Amino acid sequence: MSAPKAISPHRLSSLLRRQKDPNLALQLFQNPNPQIQSPKPFRYSLLSYDIIITKLGRAKMFHQMEQILRQLSRETRFVPGEIIFCNVISFYGRARLPHKALQMFDQIPSFRCDRTVKSYNSVLDVLFKCGEVEKMREFLVGLGNHVTPDACTYNILINACCKSGCLHDAWNMFDEMRKRGVRPNGVTFATLISGLCANYRLEEAMRLKEDMIRLYRVEPEAPVYTPLIKELCRIGELSLAFGLKDELERYKVKLDSAVYTTLISALSKFGRKGEAYWILEEMKVSGCKPDTVTYNAMINGFCMEKDFEAAYKILDQMVKEGCKPNIISYNVIIGGLCNEGKWVEANDLFEDLPRRGCKPDIVCYRTIFAGLCDWKRFKEATSILDEMFFKGYAPSSAGIHKLVDGLCQEANMALLLKALTSLGNANLINVDIWGLVISMACKKEMLSNVSELVDTVMVP
DNA sequence: ATAGGGTTAG
């Protein structure tokens with residue numbers, strides 16, 4: 001048997017790139033030549049650092065990622081590009097770790113890498129997305145004379161204004177941008193137009209789209225049109241929405257899955273299933289692959305028609321096509337089943353989520369909880385309540401009302417006490433809820449029981 | 001992979 005050949009730094013990069021499992025990729029990185037005892041340390045390429053850091057960051061394996069970053073900081077053969085750190089900053093942002101993002105930002109110079117407006121922008125975006133508006137302001141002030149804001153900086157700020165519902169500020173930002181000689185780009189217009197549409201200012205949004213093309217000479221892009229198409233569909237102007245789709249095609253802009261999904265979703269909501277099907281076909285023929293969001297729109301359409309068979313079929317089709325259903329796919333079905341009183345099936349699917357590799361989110365818990373209450377399955381609902389609290393979620397106030405109201409009507413004192421104890425521990429009993437309990441007790445002449453109840457719930 | 005669009009509850 002010939003001796004195994006050592007893999008080259010270049011080969012390691014391509015192996016890392018192909019390795020989907022971040023744990024295996026890390027093993028490979030740490031021990032690229034397990035067969036060979038070499039006295040010389042492996043000469044990692046900058047690319048291989050980039051790939052492994054990105055993989056670990058995406059998988060939220062921050063401890064391991066930081067270890068690799070420390071190793072990278074000891075390398076003297078090259079200076080890493082700023083983009084690696086920008087990515088690390090946004091990985092922390094996605095994991096809601098803004099302090100870690102700021103820490104990375106501070107450490108960039110220790111990698112002998114110069115910070116530019118790019119890493120400033122990354123931090124700015126993370127701070128906004130983590131709801132750290134005050135820190136964002138501080139950071140902007142500090143930015144002052146170090147870097148010049150670019151289009152991306154303004155786009156982040158315009159987005160922050162739009163998402164906070166301050167459209168006036170967003171327009172001001174847009175004006176300031178132009179006054180400072182920064183040219184707005186497609187992202188700027190997509191952001192503003194989406195903000196306008198979300199606030200029902202369709203006419204303004206349509207005008208801005210026209211100005212974008214004629215006045216600002218920015219090429220049309222799909223993300224500028226999607227919010228317009230969505231809003232037109234919402235108000236029932238489907239033919240105008242299709243008009244915008246035609247306009248994109250006239251401009252030779254390739255339609256992507258978001259545009260198709262918006263149309264499919266609208267058609268299903270208006271009960272035009274046949275047309276939704278044709279759009280899906282057109283999508284496939286034009287070489288645009290339906291993704292999870294597209295299939296979710298289909299599932300929603302079927303659930304609205306109470307065709308759960310068809311909805312489950314889409315789920316199977318997704319798995320077959322390698323398009324993984326996400327929590328929304330399941331939430332839609334669970335919600336649909338609940339609406340139809342099929343709470344057993346809804347609960348079965350809910351309990352099957354871990355096996356299907358999907359973690360229930362807050363919407364999921366609230367949906368199944370309210371669904372069980374609607375059909376008077378208070379025992380099941382109450383046990384879900386505790387599970388919710390354990391996971392750090394809480395039911396909506398409407399859901400709480402449904403549970404307590406239902407238990408009062410049934411005068412199910414044992415379960416009511418249990419529910420109120422859980423709710424009380426989570427500090428979720430308001431005047432409205434006490435009102436329900438007390439008026440029930442008055443009707444049933446059980447005031448003494450209520451005072452007992454109050455004692456149980458109020459005493460910490 | 002520094003920034004933007006499309007799917008779920010209430």
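Every chain is numbered from 1, with letters handed out A, B, ... down the list of sequences. Because the structure is a prediction, the values reported are computed rather than measured.
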Counting the atoms with a prime plus P, OP1 and OP2 as sugar-phosphate, which does A:Cys86 contact under 4.0 Å by heavy atoms, base, sugar-phosphate, or nothing? sugar-phosphate
Is A:Arg58 positioned over the aromatic face of A:Phe91, cation under 6.0 angstrom from the ring centre and no more than 45 degrees off axis? no
To the nearest angstrom, the CG-P distance between A:Leu228 and B:dG6 comes to 11 Å
Measure CG/A:Asn87 against P/B:dA1 and give the value in whole Å, please. 8 Å
Starting at atom CZ of A:Arg366, determine the distance to atom P of B:dT8, rounded to an integer number of angstrom. 17 Å
Which nucleotide wins on minimum distance to the side chain of A:Lys269, given the candidates B:dA1, B:dT8, B:dG5? B:dT8
Within residues 290-300 of chain A, find the residues that approach DNA chain B with a heavy atom at under 4.0 Å, and present them sorted by residue number. A:Asp291, A:Val293, A:Thr294, A:Asn296, A:Asn300
Can you confirm if the aromatic rings of A:Phe189 and A:Tyr216 lie within a centre distance of less than 6.0 Å? yes
Using a heavy-atom cut-off of under 4.0 Å over every strand shown, decide if A:Val332 touches base, sugar-phosphate, or nothing. sugar-phosphate
What I want to check is whether the side chains of A:Tyr200 and A:Glu231 have a donor and an acceptor closer together than 3.5 Å. no
The side chain of A:Thr261 lies closest to which of these nucleotides: B:dG6, B:dA3, B:dG5? B:dG6
Rounded distance in Å between the P positions of B:dG5 and B:dA1: 13 Å
Would you say B:dG5 has OP1 or OP2 under 4.0 Å from some side-chain N or O of A:Lys245? no
Rounded distance (Å) that lies between atom P of B:dT7 and atom OH of A:Tyr260: 17 Å
Could you tell me how far apart A:Asn339 (CG) and B:dT8 (C1') are, to the nearest whole angstrom? 12 Å
Are more than 12 heavy atoms from other residues, nucleotides or ligands located less than 6.0 Å from atom NZ of A:Lys118? no
Heavy-atom pair of closest approach, residues A:Trp375 and A:Gly341: CE2-CA, 3.2 Å
Under 4.0 angstrom between A:Lys230 side-chain N/O and B:dT7 OP1 or OP2: yes
Describe the nucleic acid contact of A:Ala398 in one word from base, sugar-phosphate, nothing, applying a heavy-atom distance below 4.0 Å. sugar-phosphate
List the steps and the verdict of side-chain hydrogen bond (donor to acceptor under 3.5 Å, both in side chains) for A:Glu176 and A:Tyr154. CA-CA 9 Å; A:Glu176 188 193 310; A:Tyr154 281 106; 3.1 Å; yes
Between B:dT8 and B:dG4, how far is it from one C1' atom to the other, in whole Å? 22 Å
B:dG4 OP1/OP2 closer than 4.0 Å to side-chain N/O of A:Lys209: no
Looking only at atom types and distance, does a side-chain atom of A:Arg17 sit under 3.5 Å from a main-chain N or O of A:Ile51, one as donor and one as acceptor? no
Using a 4.0 Å heavy-atom cut-off, does A:Ser329 contact any base of the nucleic acid, only the sugar-phosphate backbone, or nothing at all? nothing
What donor-acceptor contacts under 3.5 angstrom involve side-chain atoms of residues 300-315 of chain A, with partners at least two apart or in another chain?
residue, atom, partner, partner atom, Å
A:Glu305, OE1, A:Lys273, NZ, 3.4
A:Asp307, OD1, A:Ala310, N, 3.2

Return the value, rounded to whole Å, for the distance between atom CE of A:Met136 and atom P of B:dA3. 13 Å
Spacing between A:Arg17 atom CZ and B:dA1 atom C1', to the nearest angstrom: 11 Å
Tell me: CG of A:Leu353 to C1' of B:dT8, nearest whole Å? 13 Å
Presence of donor-acceptor pair under 3.5 Å, side chain of A:Glu221 and base of B:dG4: yes
Checking all strands, does A:Lys402 fall into the base, sugar-phosphate, or nothing category for heavy-atom contacts under 4.0 angstrom? nothing
Salt bridge (charged side-chain N to carboxylate O under 4.0 Å, His left out) with A:Arg70: which residues, sequence neighbours excluded? none
Does A:Asn331 put a side-chain nitrogen or oxygen below 4.0 Å from OP1 or OP2 of B:dA9? no
Under-3.5 Å donor-acceptor pair between A:Asp256 side chain and B:dG5 base: yes
Using only side-chain N and O atoms of A:Lys129, determine if any of them is under 4.0 Å from OP1 or OP2 of B:dG4. yes
Would you state whether a donor and an acceptor, one from the side chain of A:Thr262 and one from the base of B:dG6, lie under 3.5 Å apart? no
Looking across every strand, which nucleic acid part, if any, lies under 4.0 Å from A:Gly399 by heavy atom: base, sugar-phosphate, or nothing? nothing
Ignoring hydrogens and angles, are the base of B:dG6 and the side chain of A:Ser257 linked by a donor-acceptor pair under 3.5 Å? yes
Nearest to the side chain of A:Ile328, which nucleotide is it out of B:dG4, B:dG5, B:dT7? B:dT7
Which nucleotide in the list B:dG5, B:dA3, B:dT8 gets nearest to the side chain of A:Val259? B:dG5
